[in-house]
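Heads up, the thing below is written out as structure tokens.
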Amino acid sequence: VLFAPGSEPPRPGQSPGPSPAPGPGRRGGRGELARQIRARYEEVQRYSRGGPAPGAGRPERRRLMDLARGGPGLQRPRPPGARPPPDGSPSWPPAPGPGSPGSPGPGPRLGCAALRNVSGAQYVGSGYTKAVYRVRLPGGAAVALKAVDFSGHDLGSCVREFGARRGCYRLAAHKLLKEMVLLERLRHPNVLQLYGYCYQDSEDIPDTLTTITELGAPVEMIQLLQTSWEDRFRICLSLGRLLHHLAHSPLGSVTLLDFRPRQFVLVDGELKVTDLDDARVEETPCASSANCVLEFPARNFTLPCSAQGWCEGMNEKRNLYNAYRFFFTYLLPHSAPPSLRPLLDSIVNATGELTWGVDETLAQLEKVLHLYRSGQYLQNSTADSRAEYQRLPDSTIPQEDYRCWPSYHHGSCLLSVFNLAEAVDVCESHAQCRAFVVTNQTTWTGRQLVFFKTGWSHVVPDRNKTTYVKASG
Ligand SMILES: Nc1ncnc2c1ncn2[C@@H]1O[C@H](COP(=O)(O)OP(=O)(O)OP(=O)(O)O)[C@@H](O)[C@H]1O
């Protein structure tokens, strides 16, 4: 059974996002719809073929991703009559580009065949335009399928305005196509991985596009605030690396016009951007700096206008300030190791004032990682006031737990430490702590996970753990 987005399974209500509405009112009916489709089509073509956009620096040619049917894994031939409709809008699905089937290098691998026997379809989320489902492939891997939401706001408002369901589908689908092109061209560990795509008939619409991507978990800010500083720092570092990549991408400096936590997902603790349909590469043209005002709800910044007539660094700085206001300010300083606070505060301040660019911001985030990972942040720890602990190799304490914050485990106190000395310091700082158990598990920075315990009345053998018990008191 082919997957029919919007028709199953039941899903909660959705709220329209701030994406642009499809058109400025009824300006010329279907001709206007065709004009909008063409504009989106041309944008997709630019991103799939082109090097940097105007104002974006040195040109570079890259292969065109295999955009359309006929690409790897796509099953059905192009319908015989598929050519530009008489209203002048481009044909759908789009024609394959020069680099398509058989071209070397990584590219989307999965196609319609992969979707034939998927199981356990579950609605994950939707926005203004698209709906996302989680499915399991026959091999067992879980992936995300993204398609235009047939009952979504974008399609609905277009149909109300133009009364042309197929044309409106194509208009919306060009957003998904743009996202697919950008996912492919901007490949990076912090850009969601595109596994493939499929064109298939769905409801009354022929050749609807479904993209197949890595599955993530939506970013929940409230949840993030309850996790360890180490995990929150990872998200900020991921974001710094992503913004650096976007600022130096083969297409030029890419800005995310719609930059909110919901445009990102978490994959194994790494932040990845998923929603790229509102990304833009073109820098803003200007005659003077008066044309280069970056506007945010709480404040504005005026950037310089370059001699070439482009607002300098506007794309990069828009991303950076958004990273500051949605992520850094909440996630970076809060409950950080005290010796890292000054550096973290300077990152928050400099991004909040836009005094640094993306390169400097990333360099400072990487410096924090180095200080943390190497244990240098521990230089002022209280080595002298340490109590005596007895080492019991190959053992653990199964119970005698207490809760602490921010524990990696709900009902117990599980924290990461750099070394034994830090574990002792943590135990000394918790009034309940009488013992701790060092596991062989590590966090993403390589720190060891340690359970802190209220006592050691029941110690049992465990080859993968080492227990330390307070000798007195
Ligand atoms: N690969 C994925 N794994 C898990 N969840 C995802 C994935 N991609 C997207 N989502 C979730 O689905 C929601 C909708 O996806 P997406 O943002 O692409 O749609 P949209 O219509 O462009 O949304 P918006 O109106 O915010 O622009 C997202 O907010 C995100 O939480």
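Counting starts at 1 for both ligands and their atoms, in listed order. This structure is a prediction, so every number in the text was calculated from the model and none was measured.
Which of Ala131, Gly127, Gly216 comes nearest to atom 3 (N) of ligand 1 through a heavy atom is settled by distance: it is Gly216. Residue nearest to atom 9 (C) of ligand 1, selected from Thr129, Val132, Val267, Leu194: Val132 (by heavy-atom distance). Looking at Tyr133, Phe264, Tyr128, Tyr123 and measuring to atom 25 (O) of ligand 1, the nearest heavy atom belongs to Tyr128.
Under 3.5 Å, the side chains of Thr439 and Gln448 contain no donor-acceptor pair of N or O atoms. Between the side chains of His248 and Asp359, at least one donor N or O sits under 3.5 Å from an acceptor N or O. Side-chain N/O atoms of Asn315 and Ser253 include no donor and acceptor closer than 3.5 Å.
With salt bridges taken as basic N to acidic carboxylate O contacts below 4.0 Å, one links Glu282 and Arg46. Of the charged side-chain nitrogens involved, none lies within less than 4.0 Å of a carboxylate oxygen, so that Asp275 and Arg262 do not count as a salt-bridged pair. Taking the charged nitrogens against the carboxylate oxygens, Arg38 and Glu42 do have a contact shorter than 4.0 Å, which makes a salt bridge.
Heavy-atom proximity to Val124, at under 4.0 Å, picks out these atoms of ligand 1: 4 (C), 5 (N). Residue Pro218 has at least one heavy-atom neighbour below 4.0 Å for each of these atoms of ligand 1: 31 (O). Of all atoms in ligand 1, listed by their number and element, those nearer than 4.0 Å to a heavy atom of Thr213 are 1 (N). Heavy-atom proximity to Gly125, at under 4.0 Å, picks out these atoms of ligand 1: 12 (O), 13 (C). Proximity to Arg260 (heavy-atom distance under 4.0 Å) selects the following atoms of ligand 1: 26 (O). Taking a cut-off of under 4.0 Å to the non-hydrogen atoms of Leu192, the atoms of ligand 1 that pass are 1 (N).
Using a 4.0 Å cut-off between heavy atoms, Glu214 contacts ligand 1 through its backbone alone, with no side-chain atom that close. With a heavy-atom cut-off of 4.0 Å, Ser126 touches ligand 1 through its backbone alone. Contacts of Asp258 with ligand 1, taken as heavy-atom pairs under 4.0 Å, involve the side chain alone. Looking at Arg134 against ligand 1, nothing comes within 4.0 Å, counting heavy atoms. Within the 4.0 Å heavy-atom criterion, neither part of Val219 lies near ligand 1.
Centroid-to-centroid, the aromatic rings of Tyr408 and Phe451 stay 6.0 Å apart or farther.
Note on residues 210-231: pairs passing ring-ring contact (aromatic ring centres under 6.0 Å, His included), not counting sequence neighbours, are Trp229-Phe233, Trp229-Tyr372. Sorted pairs that involve residues 225-266 and meet disulfide (SG to SG under 2.5 Å), not counting sequence neighbours, are lacking altogether.
The backbone N or O of Leu414 sits nowhere less than 3.5 Å from a side-chain atom of Ser412 that would complete a donor-acceptor pair.
Residue contacts with ligand 1: Asp277 is placed with a nitrogen or oxygen under 3.5 Å of a nitrogen or oxygen of the ligand (distance criterion only).
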